[in-house]
Amino acid sequence: MKWWSHIICGTLAVLAFTPNQLALYPLVMLGAVFPDVLEKSVFAPHRSMHEFALYLAFLPVVAMTDMWGFWIAAIDHLVVDAMTLHGVTFFGRRVRWYLNTDRFIDNFVPIIMHMALLAFLTK
């Protein structure tokens, strides 16, 4: 997915689950692209560190620092990437769907799904 799709989806996910975290919106935006930033900062191949177990390990730090918006947006990044042809790793197993990251319309499918989730959870 494109960076803008991750930011929109991450924002909608945080709004759905922890709307009070939007006060720290720069952290939400950073969380939405964090998996890719992390890989680039350590020169790792793309999606090589997109492993759910790694992000679950961050959970105690998130709980102590109350950075739920950042963490939800980062987890959402992995969920959205799991919808693509390349997929992500979920506890050692590859999870993927059929979206093509190069097609513009495929970047909107997760956004529409997130909008539906937000509408469902905020009724």
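By convention here, the first residue in the shown sequence is residue 1.
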For side-chain contact (heavy atoms from CB on, under 4.5 Å), just list the numbers for Leu56 and Phe91, CA-CA rounded to whole Å, side-chain angles, deciding distance to a tenth of an Å, and then say yes or no.
-> CA-CA 10 Å; Leu56 289 178; Phe91 294 99; 3.3 Å; yes
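- At a threshold of 4.5 Å between side-chain heavy atoms, the hydrophobic network of Ile, Leu, Val, Met, Phe, Trp and Tyr places Ile112 and Phe104 in two separate groups.
- Tyr98 and Thr84 share no side-chain donor-acceptor pair at under 3.5 Å.
- Not a single donor-acceptor pair under 3.5 Å links the side chain of Thr18 to the backbone N or O of Gly69.
- Counting non-hydrogen atoms of other residues, nucleotides and ligands closer than 6.0 Å to CZ of Arg93 gives a total of 12 or fewer.
- At least one side-chain heavy atom of Phe52 sits under 4.5 Å from a side-chain heavy atom of Val79.
- The closest donor-acceptor contact from the side chain of Thr89 to the backbone of Gly92 lies at 3.5 Å or more, if one exists at all.
- Between Tyr55 and Phe58, the distance separating the two ring centers is shorter than 6.0 angstrom.
- His6 and Asp81 are linked by a side-chain donor-acceptor pair at a separation below 3.5 angstrom, with hydrogens and angles left out of the test.
- In this structure, Met83 and Met1 have side chains that are not in contact, with every pair of non-hydrogen atoms separated by 4.5 Å or more.
- Remark: the backbone N or O of Ala32 is not paired with any side-chain donor or acceptor of Asp76 at under 3.5 angstrom.
- In this structure, His77 has its ring center under 6.0 Å from that of His50.
- For Trp4, the CH2 atom is densely surrounded, since the number of other residues' heavy atoms within 6.0 Å is greater than 12.
- At distances below 3.5 Å, not a single donor-acceptor pair connects side-chain atoms of Asp106 with backbone N or O atoms of Asp102.
- A distance-only check finds a donor-acceptor pair linking the side chain of Thr122 to the backbone of Leu118 [under 3.5 Å].
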Exercise for review: Report the C-alpha distance between Leu85 and Arg96 in whole Å, list the side-chain angles of each, state the deciding distance to 0.1 Å, and finish with yes or no for side-chain contact (heavy atoms from CB on, under 4.5 Å).
Suggested key: CA-CA 6 Å; Leu85 292 169; Arg96 64 181 104 219; 5.9 Å; no
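- Contact of the Thr11 side chain with the Leu22 side chain is registered, since non-hydrogen atoms from C-beta on lie closer than 4.5 Å.
- With hydrogens and angles disregarded, no donor-acceptor distance shorter than 3.5 Å links the side chain of Gln21 to the backbone of Phe70.
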